[in-house]
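To keep things clear, I will list the structure first and then write my remarks on it.
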Amino acid sequence: MIEQMTFADHILQFNKKLSLKSLALPDGFRVINPYGGDQKEIVRNITTSFYQKYYNDTKPRRMILGSSPARRGSAVTGVPFEDAKHLQSETGIFIDKFYINQSSSGFLYDVIREYGGCEKFYTDFYMNFVCPLGLVRINSKGNEVNCNYYESKKLQEILAPFIISAIRSQIGFGIDTSMCYCIGSGENYDFLSRINKEHHFFDTIIPLEHPRFITQYNAKHKDVYMDKYLNALSQE
C-alpha cells in the first residue's frame with residue numbers, strides 16, 4: 001500500500017520543482033529563487049522544519065495568496081510571509097545565516113495570534129503568492145528593488161503560464177477551493193480574479209488590503225483591518 005503524501009510532502013515537492021525553474025524575463029528584471037540560490041541548503045532546512053511542523057497531515061486548507069515574495073523577506077527564507085526573525089522566534093527554528101524582519105509579516109503575525117496562534121492558523125490555511133518566486137527590477141540608479149509580477153504588462157504576459165501552472169499544482173495539495181483570500185485588493189486581486197474567471201480555480205476570492213498599505217499608511221486604523229482579516233478568515 002502506497003502511503004498518502006502529507007500536505008508538507010506536497011509543498012516540499014513543489015518547492016523542489018521551483019528550485020529548477022528558470023524564467024526568461026525582459027531586460028532589467030531578475031528572478032530571486034531561494035530554493036535554488038546560493039543559500040538553498042539553508043532554505044531547504046528551514047522549509048522542511050517549518051512545513052513538517054505545521055503541515056504534517058492531509059487536512060484540506062484554504063489558500064491565501066499575496067502577489068510576489070519580497071526580496072528581503074520570503075524570497076530569502078523560502079516560507080511565504082515568514083521572515084527570518086519570526087521563523088526563529090515563533091517556530092523555534094534557528095537561523096544563523098540571515099536575519100531579516102519585515103513589517104508585512106509583523107501585521108500577519110498579529111492576525112495569526114488573534115486567530116488562535118500558529119498551530120491553529122496553519123492547520124486552516126496555506127499561504128503563498130500568485131507568483132511564487134521573487135522578482136526584482138533595476139531602477140534608474142542601477143539598484144535592485146522589489147518588483148511585482150503585474151508592474152509590467154510584458155512581464156505579466158511572460159509570467160502568466162507559470163502562475164497558472166503554479167496555482168493549479170498547489171490546488172492539488174488538497175486545497176479547499178470554496179474560498180481563496182487575496183492579499184492585495186488592487187492589481188493583484190484584479191489579475192487573480194481575471195485568471196480565476198477563465199480557469200475556475202476558486203468559487204470565491206476575497207480581497208484583503210496588503211499589510212504594507214496598512215502599516216505604512218493606515219497604522220491608526222490597524223484594528224479595523226485586523227477585524228476585517230479575522231472576519232474574512234472565519235467565514236464558513
Side-chain angles (χ1 to χ4, degrees), residues 2-23 31 33-36 47-48 50-69 74-75 77-82 108 111-112 115 118 120-135 148-150 156-185 187-208 210 229 232-236:
I2 299 175
E3 187 175 346
Q4 186 177 4
M5 289 178 66
T6 65
F7 210 104
D9 291 335
H10 282 294
I11 298 170
L12 295 170
Q13 186 180 77
F14 176 71
N15 289 349
K16 187 176 181 180
K17 291 179 179 177
L18 284 179
S19 73
L20 304 173
K21 187 69 180 178
S22 61
L23 297 165
V31 171
N33 188 340
Y35 312 107
T47 54
T48 299
F50 179 85
Y51 288 119
Q52 287 183 349
K53 179 173 183 175
Y54 291 115
Y55 291 84
N56 196 29
D57 56 60
T58 58
K59 185 183 181 298
R61 290 164 168 86
R62 287 180 178 171
M63 205 168 181
I64 301 174
L65 290 172
S67 53
S68 307
S74 304
T77 65
V79 182
F81 294 103
E82 291 275 355
L108 289 171
V111 171
I112 290 170
Y115 187 81
C118 287
K120 177 174 171 52
F121 182 85
Y122 288 124
T123 297
D124 292 341
F125 301 103
Y126 163 69
M127 304 179 78
N128 212 318
F129 299 92
V130 172
C131 179
L133 293 178
L135 302 167
N148 281 307
Y149 69 89
Y150 52 70
Q156 189 179 123
E157 289 173 353
I158 289 171
L159 291 171
F162 166 62
I163 287 170
I164 291 165
S165 175
I167 292 174
R168 188 173 285 122
S169 294
Q170 290 169 96
I171 286 173
F173 298 175
I175 293 294
D176 172 0
T177 58
S178 63
M179 198 174 295
C180 173
Y181 303 91
C182 179
I183 294 181
S185 55
E187 291 175 284
N188 194 40
Y189 174 66
D190 292 343
F191 177 82
L192 184 57
S193 297
R194 190 161 65 248
I195 62 171
N196 188 61
K197 187 175 182 180
E198 180 179 355
H199 297 279
H200 310 289
F201 296 129
F202 310 103
D203 296 342
T204 303
I205 300 176
I206 297 178
L208 295 166
H210 196 286
Y229 264 73
L233 296 174
S234 300
Q235 289 189 35
E236 295 294 334

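We're numbering straight along the sequence, starting at 1.
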Gap between atom [atom2] of [Y] and atom [atom1] of [X] - 0.5 Å precision:
{"X": "Cys182", "Y": "Leu208", "atom1": "SG", "atom2": "CG", "result": "8.0 Å"}
{"X": "Asn196", "Y": "Tyr189", "atom1": "CG", "atom2": "OH", "result": "9.5 Å"}
{"X": "Leu192", "Y": "Phe129", "atom1": "CG", "atom2": "CZ", "result": "13.5 Å"}
{"X": "Met127", "Y": "Phe81", "atom1": "CE", "atom2": "CZ", "result": "5.0 Å"}
{"X": "Ile171", "Y": "Ser169", "atom1": "CD1", "atom2": "OG", "result": "9.5 Å"}
{"X": "Asn56", "Y": "Asp9", "atom1": "CG", "atom2": "CG", "result": "7.0 Å"}

Is any side-chain heavy atom of [X] closer than 4.5 Å to a side-chain heavy atom of [Y]?
{"X": "Tyr51", "Y": "Thr6", "value": "no"}
{"X": "Leu108", "Y": "Tyr229", "value": "yes"}
{"X": "Ile167", "Y": "Phe202", "value": "yes"}

If I compare all heavy atoms of [X] with all of [Y], which pair ends up nearest, and what's the gap?
{"X": "Ile112", "Y": "Cys118", "result": "CG2-N, 3.6 Å"}
{"X": "Ile164", "Y": "Ile195", "result": "CG1-CD1, 4.3 Å"}
{"X": "Ile175", "Y": "Gln170", "result": "CG1-O, 3.2 Å"}
{"X": "Leu159", "Y": "Cys131", "result": "CD1-SG, 4.3 Å"}
{"X": "Gly78", "Y": "Pro34", "result": "CA-CG, 4.0 Å"}

Only distances under 3.5 Å count here; give the side-chain donor-acceptor pairs of residues 15-23 to other protein atoms, sequence neighbours excluded, each with its distance to 0.1 Å.
{"unit_1": "Ser19", "atom_1": "OG", "unit_2": "Lys16", "atom_2": "O", "d": "2.4"}

Under 3.5 Å, which donor-acceptor pairs link side chains of residues 57-68 to any protein atom two or more places apart or in another chain?
{"unit_1": "Asp57", "atom_1": "OD1", "unit_2": "Lys59", "atom_2": "N", "d": "3.0"}
{"unit_1": "Asp57", "atom_1": "OD1", "unit_2": "Arg61", "atom_2": "NH1", "d": "2.8"}
{"unit_1": "Asp57", "atom_1": "OD1", "unit_2": "Arg61", "atom_2": "NH2", "d": "3.2"}
{"unit_1": "Asp57", "atom_1": "OD2", "unit_2": "Arg61", "atom_2": "NH2", "d": "2.9"}
{"unit_1": "Lys59", "atom_1": "NZ", "unit_2": "Thr123", "atom_2": "O", "d": "3.4"}
{"unit_1": "Arg61", "atom_1": "NE", "unit_2": "Tyr122", "atom_2": "O", "d": "2.5"}
{"unit_1": "Arg61", "atom_1": "NE", "unit_2": "Thr123", "atom_2": "O", "d": "3.4"}
{"unit_1": "Arg61", "atom_1": "NH1", "unit_2": "Lys59", "atom_2": "O", "d": "3.0"}
{"unit_1": "Arg61", "atom_1": "NH2", "unit_2": "Tyr54", "atom_2": "O", "d": "3.1"}
{"unit_1": "Arg61", "atom_1": "NH2", "unit_2": "Tyr122", "atom_2": "O", "d": "3.4"}
{"unit_1": "Arg62", "atom_1": "NE", "unit_2": "Asp176", "atom_2": "OD2", "d": "3.4"}
{"unit_1": "Arg62", "atom_1": "NH1", "unit_2": "Tyr181", "atom_2": "OH", "d": "3.1"}
{"unit_1": "Arg62", "atom_1": "NH1", "unit_2": "Gln235", "atom_2": "O", "d": "2.7"}
{"unit_1": "Ser67", "atom_1": "OG", "unit_2": "Asn148", "atom_2": "OD1", "d": "2.7"}
{"unit_1": "Ser68", "atom_1": "OG", "unit_2": "Tyr149", "atom_2": "N", "d": "3.3"}

Query raised in the report: Any salt bridge between Lys120 and Asp124, counting N to O under 4.0 Å?
Result: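 Yes, charged N to carboxylate O under 4.0 Å.
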Query raised in the report: Is there a donor-acceptor pair under 3.5 Å between the side chain of Asn188 and the backbone N or O of Ile183?
Result: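 Checked: pair present.
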Query raised in the report: Sub-3.5 Å donor-acceptor pair from the side chain of Asp203 to the main-chain atoms of Met179, do we have one?
Result: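 The answer is no, because no donor-acceptor pair under 3.5 Å joins these two groups.
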Query raised in the report: Who pairs with Phe7 by ring pair (Phe, Tyr, Trp, His ring centres under 6.0 Å), at least two apart in sequence or on another chain?
Result: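 With neighbours one apart ignored, the set is Tyr55, Tyr126, Phe173.
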Query raised in the report: Does a donor on one side chain and an acceptor on the other come within less than 3.5 Å for Asp190 and Ser193?
Result: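 The answer is no; no qualifying pair exists.
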Query raised in the report: Ring centres of Phe121 and Tyr115 under 6.0 Å apart?
Result: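 For Phe121 and Tyr115, the ring centres are under 6.0 Å apart.
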